[in-house]
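Heavy atoms only: backbone and side chains are in, while hydrogens, waters and symmetry mates are out. Below, chains carry the letters A, B, ... as their sequence lines are ordered, and counting in each starts from 1.
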Amino acid sequence: MSKKKQKDPGRGIAQLLQTLSKKDTASETTRGQKRNRDGTPVVTIPKVEAVREDVFPQKGTGKLMKPEKTATAPTIRDRPRRASPLAKQSSSKPISKLPNPLPGRKTSHKPDEQLKESLQPATPLSRRQDALLHTRKTLPIWPHADSIRSALRKNNILVLTGETGSGKSTQVPQFLASEPWCTKCIAITQPRRVAAISLARRVAEEMGSHFGRQSPAAKVGYCVRFDNATGPNTKIKFLTEGMLLQETLRDPTLQQYSAVVVDEVHERSVNVDLILGFLKNLVAGVEQGQKRKHPLKVVVMSATADVEALVRLFNNDSNSLDEKGSEAAETDDTDSEGSWSGISSDAESDHKDQSKKSKSQSKSNSKSKSKTSQVATCFVEGRQYPVKTTYLPEPTQDWVESALIRIFQINHREPLPGDILVFLTGQDTIESLEKLVNDYAEGQAKDVPKLLCLPLFAALPQHAQQLVFNPTPPRTRKVILATNIAETSVTVPGVRFVIDCGKSKIKQFRNRLGLETLLSKPISKSAAIQRQGRAGREAPGQCYRLYTEESYNDFDERTTPEILRCDLSHAILTMKARGVDEVVNFPFLDRPHREALEQALLQLLNLGCMSDTGSITELGLKVAKLPLTPALGRVLVEAARPERDCLSEAIDIISALSVEDVFLNLVTEERKEEAEAARRELYRREGDHMTLLVTVQRYAEEQSDRKAWCQRHFVSHRAMQNVMNIRKQLHSQSLSLLPPSSSSSSSSLTAHQPPSTLTETKAASLLRCLLRGFIANTARLMPDGSYKTLTGSQTVAIHPSSVLFGRKTEGIVFTEFVYTGKAWARGVSACQLDWMGEVVGELMGS
DNA sequence: GAGCACTGC
């Protein structure tokens, strides 16, 4: 409030503009998105023609594009149907329309029916197919079709690097579908649900096929959690990475597939790393005579991936490389030279170098094998307009201010159209910059474009997120203030200017402390390039980096893969359940640190998921099958024990813990107080978990109008719908957890229950189950009023979002332990010290 | 007194 200068907008603008002219000395370089592997620019490719949105289906547009499918239909139905003119961001304004994942067709609000309508009578499938064929032929990947096919006839593995807009995700599966070896289904993995669904829809159109559940004849389908839209004739199946991993539990050799295409590998999720390792083992196993009738073809696709590392992963016997160091063996490779570089095009020389290197390594290190699989590589150029990049001449302390200056500079100098996308670190900086921009915008001259400031971050309510997709009003420029949600998950249309603060909040697990940190860190070069590229999607653009070129040069080449900075217990349990006995020998693209592995193994041992010989226990196998973290899975298994007798309630709590915040986050003091009062009937003094239980129970019991119930209690309806999906899934999966004798309890799971009351014994039972999974996350009250963890003697504070905030109780158990400037316990329940003692005793005894 | 982004038979 001390910023008095904002109160004089006219003067503020003058000052800003003064600052602008000083900053004009910023060093400028021009770079297109096309670049060498070290991030240095390459001569920009000539542009063929304007890149139209419908030529390149936008993938990964995040949660903003809700799939038009039944599972999520309620969310869509909730939205106001009537169009409204774009107005100020009064957050409850109805939105005019949903983003349309497939331009050329109206987005339907009644998914299935309208989709069918629009597909069938209006445009016969084949006519649409013919129309699309024309645009398909203009994709950069199109000329590579034959070489991709022939590479996979000769080899089982292809590493395909294709930059944004190359068309690889939609075309590669179609290139392969008619191949003689392709007798079964092709799987294509995606990191996000929306991407899987919208790609499937697009490919179905291009093939002139029905899609998903439209018809049993559909050749293209998708499979994501809660929504399996595949049929008996599905030939091309888009699925999330997690889904494919689940399938490997039932079908370890992936018999149902002739090929697996792993897309977006450069994002390096833990799941993709596991999939690559499993596929590597599978391909190697098949070559050694493991039971698979046909070889499995694997295509690894990535935007900027380290081709060399991928080739090495599939080419070497990394186990022997790491552990055995066996003698060099001569393999007959006289005829393999051709297949190595056979189809690389633009980057041929580059890749030849790599393959030689990899090959010599494989020769000297790997064990003798009659048939080492060869890896083909292919590079496909992308399509991207050039982006002119400007650095600051000197580092800045206050990049919120620097961003503010740049926004007004752009607005004064650059003609419309051209929206601005600003990358910031989090909600707090977004909101303070939003306020500053709005204050200064008041004082702008009449002849410059108006500014429309739109925040964009994951915690923002859906309807507020949707605003970024609305067309920009006349004589107005949109300024989107975003977190890195806009880096990969959401593609904002109309952006020609990017302002990049060079930082983002990164989650990192601290093994020794057992907590995760969420701190603002410099981004990597590849992330900076990704952000920059967001300015060149539709036209040549500009990128302003709020740091110096020297700082950029100091950035890491790429973002540390998630597997090197997360809690590995889930990943290891996943591996153990799929028969990987020696985790240290698993073919990791990046090998996690020994300490992280040890910590995770210890955690699994404590949960009873593993024996002390390192093999998975029966209990561990049960936990591995659940769509939960090992700790939450352990809680569920505990709750199914007859003496605990609280499975149904545990499922309610765990479901609520599995979604983002159930309780809406209110902005003004007034609304917060209102919410407090409305929610009071849900709050339980035992803590957040019992409060969640009561919330889920009340919601589930509400038969007339659940949406209104949510509004009354300031609860997120969207989150609760998700809770109900998860709850249903967990119910059906946990029937097998119950002892066979307890048929009464299992029927009570499914039967309609009378309004529930939470007794004290039930609450105590639930808390003891929670403790069994989260004994590492317990703390006790110190004489000075602080809490210290039982195991690490770490000071921890109850998070302000907790119902126990400000309360004192002898002991607490919490389901989240995060450091953000301070160690916070989130999801907190009060518990007795002797309950903790019981669990510790059990651990010591066993 | 505070919350980067994804995902799951």
Side-chain angles (χ1 to χ4, degrees), chain A residues 60-64 189-196 223-228 239-251 264 267-272 274-275 423-431 456-460 482-490 501 503-508 516-521 523 527 530 559 562 565-566 570-571 573-574 577 622 624-629 632-633 654-655 658-661 663-667 669 672 722 725-726 728-730 732-734 736 797-802 805-806 816 818-827:
Chain A
T61 37
K63 57 173 61 169
L64 304 189
T189 68
Q190 293 295 322
R192 281 169 287 279
R193 298 165 56 100
V194 266
C223 185
V224 299
R225 192 183 191 181
F226 310 128
D227 194 4
N228 179 359
L239 74 177
T240 49
E241 292 160 353
M243 221 52 193
L244 185 71
L245 274 181
Q246 282 302 137
E247 288 185 357
T248 62
L249 262 187
R250 282 196 313 261
D251 178 14
E264 309 284 14
E267 292 193 20
R268 294 295 305 277
S269 64
V270 175
N271 283 347
V272 105
L274 294 179
I275 285 173
F423 283 100
L424 299 161
T425 54
Q427 188 177 346
D428 50 346
T429 48
I430 286 175
E431 281 167 356
L456 180 63
F457 48 91
L460 204 64
T483 61
N484 47 6
I485 190 174
E487 210 173 283
T488 49
S489 305
V490 174
C501 77
K503 292 194 160 27
S504 72
K505 285 190 183 172
I506 301 255
K507 206 184 237 180
Q508 174 132 34
E516 53 194 16
T517 58
L518 185 57
L519 298 170
S520 190
K521 294 268 173 65
I523 59 174
Q530 176 74 24
T559 312
E562 196 185 358
R565 48 184 177 87
C566 76
H570 196 193
L573 191 63
T574 301
K622 287 180 187 168
K625 288 179 180 165
L626 295 167
L628 297 170
T629 62
L632 282 175
I654 290 167
S655 305
S658 301
V659 301
E660 50 345 338
D661 257 347
F663 294 111
L664 289 174
N665 185 21
L666 288 319
V667 185
E669 269 320 301
K672 275 181 191 172
N722 215 349
N725 276 333
I726 296 169
K728 195 168 142 202
Q729 187 183 27
L730 291 179
S732 69
Q733 288 184 5
S734 53
S736 64
I798 296 177
H799 196 273
S801 63
S802 169
F805 178 71
E816 251 187 286
V818 195
Y819 184 95
T820 51
K822 190 174 178 182
W824 296 109
R826 293 191 71 195

Trainee: Counting the atoms with a prime plus P, OP1 and OP2 as sugar-phosphate, which does A:Asn665 contact under 4.0 Å by heavy atoms, base, sugar-phosphate, or nothing?
Mentor: base
Trainee: Got a sec, which residues hit side-chain contact (heavy atoms from CB on, under 4.5 Å) with A:Ser655, two or more places apart in sequence or on another chain?
Mentor: A:Ile651, A:Val723, A:Ile726, A:Arg727, A:Leu730
Trainee: Contact class for A:Glu487 (heavy atom, under 4.0 Å): base, sugar-phosphate, or nothing?
Mentor: nothing
Trainee: Report the residue from A:Glu562, A:Glu264, A:Glu241 that forms a side-chain hydrogen bond (donor to acceptor under 3.5 Å, both in side chains) with A:Ser269.
Mentor: A:Glu241
Trainee: Among the nucleotides B:dC9, B:dG3, B:dC6, which one has an atom lying closest to any side-chain atom of A:Gln246?
Mentor: B:dC9
Trainee: Looking at B:dG8, I'd like to know if its phosphate oxygens (OP1 or OP2) sit under 4.0 Å from a side-chain N or O belonging to A:Thr240.
Mentor: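 Yes, within the criterion.
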Trainee: B:dG8 P sits how many Å from A:Leu626 CG, rounded?
Mentor: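 That distance rounds to 16 Å.
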Trainee: How many Å lie between CG on A:Asn722 and P on B:dT7, as a whole number?
Mentor: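 Atom-to-atom, A:Asn722 to B:dT7, this comes out as 10 Å.
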Trainee: Without decimals, in angstroms, what is the distance between A:Lys672 NZ and B:dG1 C1'?
Mentor: 8 Å
Trainee: Mind checking A:Lys625 for me? I need base, sugar-phosphate or nothing, with any heavy atom below 4.0 Å counting as a touch.
Mentor: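 Base contact.
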Trainee: Does a donor on one side chain and an acceptor on the other come within less than 3.5 Å for A:Thr488 and A:Glu267?
Mentor: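 Looking only at side-chain atoms, A:Glu267 and A:Thr488 do not form any donor-acceptor pair under 3.5 Å.
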Trainee: Counting only side-chain heavy atoms from C-beta out, which of B:dC4, B:dA2, B:dG8 sits nearest to A:Pro627?
Mentor: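 Nearest to the side-chain atoms of A:Pro627, counting from C-beta on, is B:dG8.
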Trainee: For A:Leu245 and B:dC6, give me the distance from atom CG to atom C1', rounded to whole Å.
Mentor: 14 Å
Trainee: Contact class for A:Leu518 (heavy atom, under 4.0 Å): base, sugar-phosphate, or nothing?
Mentor: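 Result for A:Leu518 = base.
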Trainee: Check the phosphate of B:dA5 against A:Arg192, side-chain N and O only, distance under 4.0 Å to OP1 or OP2. Yes or no?
Mentor: no
Trainee: Side chains of A:Phe457 and A:Glu431: closer than 4.5 Å at any heavy-atom pair?
Mentor: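 Touching, per the 4.5 Å side-chain cut-off.
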Trainee: Let me know, please, whether A:His570 or A:Thr425 comes out on the 5' side of the other along DNA chain B by nearest nucleotide.
Mentor: A:Thr425
Trainee: Using a heavy-atom cut-off of 4.0 Å across all strands, would you classify A:Val818 as base, sugar-phosphate, or nothing?
Mentor: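 No contact at all - A:Val818 keeps every heavy atom at 4.0 Å or more from the nucleic acid.
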Trainee: Can you sort out the partners of A:Ser520 under side-chain contact (heavy atoms from CB on, under 4.5 Å), two or more places apart, ordered by chain and number?
Mentor: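 With neighbours one apart ignored, the set is A:Thr425, A:Lys503, A:Lys505.
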Trainee: Give a yes/no on whether any side-chain N or O of A:Thr820 is located under 4.0 angstrom from OP1 or OP2 of B:dG3.
Mentor: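 Answer is yes, contact under 4.0 Å.
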Trainee: Give the rounded distance in Å between these two atoms: CD of A:Glu660 and P of B:dG3.
Mentor: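 Distance, rounded to whole Å: 17 Å.
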Trainee: May I ask you to say what A:Ser269 touches in the nucleic acid, namely base, sugar-phosphate or nothing, with a heavy-atom cut-off under 4.0 Å?
Mentor: nothing
Trainee: Give A:Ser658 one of three labels, base, sugar-phosphate or nothing, depending on what nucleic acid heavy atoms sit under 4.0 Å from its own.
Mentor: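 Here A:Ser658 touches no strand at all.
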Trainee: What does A:Leu628 touch in the nucleic acid at a heavy-atom separation under 4.0 angstrom: a base, only the sugar-phosphate, or nothing?
Mentor: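 Base contact.
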Trainee: For A:Thr483, which contact category applies under a 4.0 Å heavy-atom criterion: base, sugar-phosphate, or nothing?
Mentor: sugar-phosphate
Trainee: If you compare all heavy atoms of A:Phe226 against all heavy atoms of A:Asn725, which two are closest, and at what distance to 0.1 Å?
Mentor: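 Taking every non-hydrogen atom into account, CE2-O, 3.6 Å.
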Trainee: Between A:Arg225 and B:dC9, is there a side-chain N or O to OP1/OP2 distance below 4.0 Å?
Mentor: yes
Trainee: Roughly how many Å is it from CD in A:Glu431 to C1' in B:dC4, rounded to a whole number?
Mentor: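 In whole Å, B:dC4 C1' and A:Glu431 CD are 15 Å from each other.
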Trainee: Roughly, in whole Å, what's the span from NZ in A:Lys521 to P in B:dC4?
Mentor: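 Atom-to-atom, A:Lys521 to B:dC4, this comes out as 15 Å.
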Trainee: So, does A:Gln729 get its side chain near the phosphate of B:dC9, meaning an N or O under 4.0 Å from OP1 or OP2?
Mentor: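 Yes, within the criterion.
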Trainee: Which one, B:dA2, B:dC6, B:dC9, comes nearest to the side chain of A:Gln733?
Mentor: B:dC9
Trainee: Report the distance from atom CG of A:Leu456 to atom P of B:dG3, rounded to the nearest whole Å.
Mentor: 19 Å
Trainee: Identify, between A:Gly821 and A:Val224, the residue whose nearest nucleotide on DNA chain B lies closer to the 5' end.
Mentor: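 The residue closer to the strand's 5' end, by nearest nucleotide, is A:Gly821.
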Trainee: Does atom NZ (A:Lys625) have a neighbourhood of more than 12 heavy atoms from anything else shown, all under 6.0 Å?
Mentor: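 Atom NZ in A:Lys625 is not packed in, count stays at 12 or less.
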